[in-house]
Amino acid sequence: MNDDDLIAAARKAAENSYSPYSNFAVGSALRFADGSVVTGTNIENASYGLALCAETVAVSKAMAGGIRGGLEAVAVTGPGEAPITPCGRCRQVLNELAQLGGTDPLILCVGPNEIRRVKLSELLPDAFGPASLD
């Protein structure tokens, strides 16, 4: 699956967003070294602090399926004119999965007319993760 396909998967995931409070539908797709792709979408809650971000949902699905490494790329899509980036919490959650496999995945921050390509380590420099506990 190439980057365009990954972006399409993230956009498709956003169609299932449950975002009645913000009306900000986000989709995410994770690509792994074995070729598998796991998607997620944001899920809001009337108790706002309990909302789940698309990236966190995708990572949870991947880990629940036994995936513990090989994260190569992540696509994140959302509404608006600017490319969307993972929030701070999602950067940390993605970092945990990436460190389990020793990768520094490419993050595709997608807007309607622009795709920003950045490594996770650039979005979360000096990250705390499993290796920090040794």
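Scope of the values below: all heavy atoms of this structure, side chains included, with no hydrogens, waters or symmetry mates.
Atom OG of Ser28 sits about 6.5 Å away from atom CG of Leu94, to the nearest 0.5 Å. From Glu44, atom CD reaches atom OH of Tyr21 across 7.5 Å, with rounding to the nearest 0.5 Å. For the atom pair CG of Asp126 and OG of Ser121, the computed distance is 10.0 Å after rounding to the nearest 0.5 Å. In this structure, the separation between OG on Ser36 and CD1 on Ile67 is 4.0 Å, given to the nearest 0.5 Å. One finds the OG1 atom of Thr85 at 8.5 Å from the CD atom of Glu55 (value rounded to the nearest 0.5 Å). The distance from the CG atom of Leu124 to the SG atom of Cys90 is 11.5 Å, given to the nearest 0.5 Å.
In terms of hydrophobic clustering, with Ile, Leu, Val, Met, Phe, Trp and Tyr side chains grouped at heavy-atom distances under 4.5 Å, Leu71 and Val37 are assigned to different clusters. Val76 and Leu52 are members of different hydrophobic clusters when ILVMFWY side chains are connected at heavy-atom separations under 4.5 Å. Transitive grouping of hydrophobic side chains (ILVMFWY, heavy atoms separated by less than 4.5 Å) keeps Leu123 and Leu108 in distinct clusters. In the hydrophobic cluster analysis, where Ile, Leu, Val, Met, Phe, Trp and Tyr join through side-chain heavy atoms closer than 4.5 angstrom, Val57 is grouped apart from Val74.
Heavy-atom minimum distance, Pro79 versus Ala25: CD-O, 3.1 Å. Leu6 approaches Leu30 most closely through the heavy-atom pair CD1-C, 4.1 Å. Here the shortest heavy-atom pairing between Thr77 and Ala14 reads OG1-CB, 4.2 Å. Across every non-hydrogen atom of Pro105 and Ala73, the tightest pair is CB-N, 4.0 Å. Annotation for Ser132 and Ala127: closest pair OG-O, 4.0 Å, computed over non-hydrogen atoms.
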*asked:* Could you go through Met63 and Leu97, starting from their C-alpha distance and side-chain angles, then the distance that decides it, and tell me whether this counts as side-chain contact (heavy atoms from CB on, under 4.5 Å)?
replied: CA-CA 8 Å; Met63 292 187 84; Leu97 182 56; 4.1 Å; yes

*Please test Phe32 against Val38 for side-chain contact (heavy atoms from CB on, under 4.5 Å), starting from the C-alpha separation and ending with a verdict.*
CA-CA 8 Å; Phe32 294 89; Val38 179; 3.9 Å; yes

_Walk me through whether Phe24 and Ile84 qualify under side-chain contact (heavy atoms from CB on, under 4.5 Å)._
CA-CA 11 Å; Phe24 197 86; Ile84 185 169; 3.4 Å; yes

*Report the C-alpha separation of Asn113 and Glu81 in whole Å, then their side-chain angles, then the decisive distance to 0.1 Å, and conclude whether the side-chain contact (heavy atoms from CB on, under 4.5 Å) test is met.*
CA-CA 8 Å; Asn113 301 309; Glu81 293 302 313; 4.0 Å; yes

*Full working for side-chain hydrogen bond (donor to acceptor under 3.5 Å, both in side chains) between Ser17 and Asn42*: CA-CA 5 Å; Ser17 171; Asn42 58 322; 2.8 Å; yes

*In sequence, state the C-alpha distance, the side-chain angles, and the governing distance for Glu72 and Thr103, and then conclude on side-chain hydrogen bond (donor to acceptor under 3.5 Å, both in side chains).*
CA-CA 7 Å; Glu72 291 185 335; Thr103 62; over 6 Å; no

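Counting non-hydrogen atoms of neighbouring residues, nucleotides and ligands closer than 6.0 angstrom, the CZ atom of Arg116 reaches no more than 12 such neighbours.
At distances below 3.5 Å, at least one donor-acceptor pair connects side-chain atoms of Ser60 with backbone N or O atoms of Thr56. Side-chain atoms of Arg91 do not come within 3.5 Å of backbone N or O of Leu120 as any donor-acceptor pair. Side-chain atoms of Glu122 come within 3.5 Å of backbone atoms of Lys119 as a donor-acceptor pair (strictly under, hydrogens ignored). Listed for the Gln92 side chain is a donor-acceptor partner under 3.5 Å among the backbone atoms of Phe128.
Residues Asn45 and Ser47 have side chains that never bring a donor and an acceptor to within less than 3.5 angstrom of each other.
Pro83 has its side chain out of reach of Ile115: every pair of non-hydrogen atoms, C-beta onward, lies at least 4.5 Å apart. The side-chain heavy atoms of Cys53 and Cys87, taken from C-beta on, include a pair separated by under 4.5 Å.
A salt bridge links Lys12 and Glu15; the closest N-O separation between the charged side-chain nitrogens and carboxylate oxygens is under 4.0 Å. Here Asp3 pairs with Arg31 in a salt bridge; the nearest charged N to carboxylate O distance falls below 4.0 Å.
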